[in-house]
Protein chains: 2
Amino acid sequence: LSSAQTSRSTPGSISCPICMDSYSEMMESGRLVVATKCGHVFCSLCLRDALKSSLTCPTCRQRLRPNQYHPLYL
Amino acid sequence: LSSAQTSRSTPGSISCPICMDSYSEMMESGRLVVATKCGHVFCSLCLRDALKSSLTCPTCRQRLRPNQYHPLYL
Ligand SMILES: [Zn+2]
Ligand SMILES: [Zn+2]
Ligand SMILES: [Zn+2]
Ligand SMILES: [Zn+2]
């Protein structure tokens with residue numbers, strides 16, 4: 001495994017389940033880590049794009065309005 | 001550095017800034033990772049205890065009501 005792959009599969013580490021980017025890849029490209037009210041974590045770009053198609057959480061499919069997620073500061 | 005100390009200082013990894021426990025230590029003791037509306041992360045036990053003393057986020061001191069944080073599923 002490359003270090004990126006290892007990092008993605010480490011419990012407790014942050015990655016986006018849509019683009020699979022790690023925390024450091026998000027930071028390098030100026031994205032934020034965001035968390036939904038239902039407790040799921042994404043990069044800011046993937047969640048924004050997903051909500052254009054459907055107002056549901058991409059992970060658990062609960063209804064998710066644009067004011068029901070927030071950046072995480074880690 | 002021990003592996004626990006390394007993990008605590010890795011950007012993008014999860015730890016509680018109050019008790020300093022890592023994600024795996026939280027899980028082993030049955031705690032949850034929680035995130036506040038202001039984007040700060042704690043273990044469920046430390047945040048619960050902190051809110052008994054003051055209804056503010058321990059990290060940024062913004063007002064924080066008990067319904068303004070939620071578990072994170074990582
Ligand atoms: Zn993403
Ligand atoms: Zn969700
Ligand atoms: Zn704690
Ligand atoms: Zn805060």
Side-chain angles (χ1 to χ4, degrees), chain A residues 1-48 50-51 55-74, chain B residues 1-48 50-51 55-74:
Chain A
L1 287 177
S2 75
S3 65
Q5 286 173 313
T6 305
S7 144
R8 283 169 187 159
S9 61
T10 301
S13 73
I14 294 287
S15 63
C16 174
I18 297 175
C19 65
M20 304 301 285
D21 281 356
S22 66
Y23 174 84
S24 58
E25 290 167 318
M26 295 182 209
M27 295 303 106
E28 282 160 14
S29 62
R31 288 168 287 165
L32 296 170
V33 185
V34 297
T36 63
K37 189 177 185 173
C38 45
H40 296 114
V41 172
F42 306 93
C43 77
S44 50
L45 201 57
C46 286
L47 185 59
R48 189 196 65 181
L51 292 179
L55 289 177
T56 56
C57 172
T59 297
C60 73
R61 301 292 170 196
Q62 285 186 56
R63 182 170 165 76
L64 184 66
R65 290 188 296 260
N67 65 347
Q68 292 177 322
Y69 70 92
H70 58 82
L72 275 189
Y73 303 104
L74 298 168
Chain B
L1 287 178
S2 75
S3 66
Q5 285 172 314
T6 303
S7 144
R8 282 168 190 160
S9 61
T10 302
S13 72
I14 293 287
S15 61
C16 175
I18 298 175
C19 65
M20 304 301 286
D21 281 356
S22 67
Y23 175 82
S24 57
E25 290 167 319
M26 295 181 209
M27 295 302 106
E28 283 161 13
S29 61
R31 288 167 288 165
L32 296 170
V33 184
V34 297
T36 63
K37 188 177 185 173
C38 45
H40 295 113
V41 172
F42 305 94
C43 78
S44 50
L45 201 58
C46 285
L47 185 58
R48 191 196 64 181
L51 292 179
L55 289 177
T56 57
C57 171
T59 297
C60 71
R61 300 291 169 195
Q62 284 187 57
R63 181 169 166 77
L64 185 66
R65 289 188 296 261
N67 64 346
Q68 291 177 321
Y69 70 91
H70 58 82
L72 275 188
Y73 303 105
L74 299 167

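To find a chain, count down the sequence lines: A is the first, B the second, and so on, and within it residues start at 1. As the structure is a computational prediction, the values presented were derived from the model and not from experiment.
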Cut-off 4.5 Å, heavy atoms of chain A, and the answer for B/Cys38 is backbone
Using heavy-atom distances under 4.5 Å, tell me whether B/Thr59 contacts chain A through its side chain, its backbone, both, or neither. neither
Quick check: do B/His70 and A/His70 have side-chain heavy atoms less than 4.5 Å from each other? yes
B/His40 NE2 to A/Leu72 CG distance, which is reported to the nearest 0.5 Å: 9.5 Å
Taking only residues two or more places apart in sequence, or in another chain, which ones meet A/Leu55 in a side chain to side chain contact (heavy atoms under 4.5 Å, CB included)? A/Leu51, A/Arg63, A/Pro66
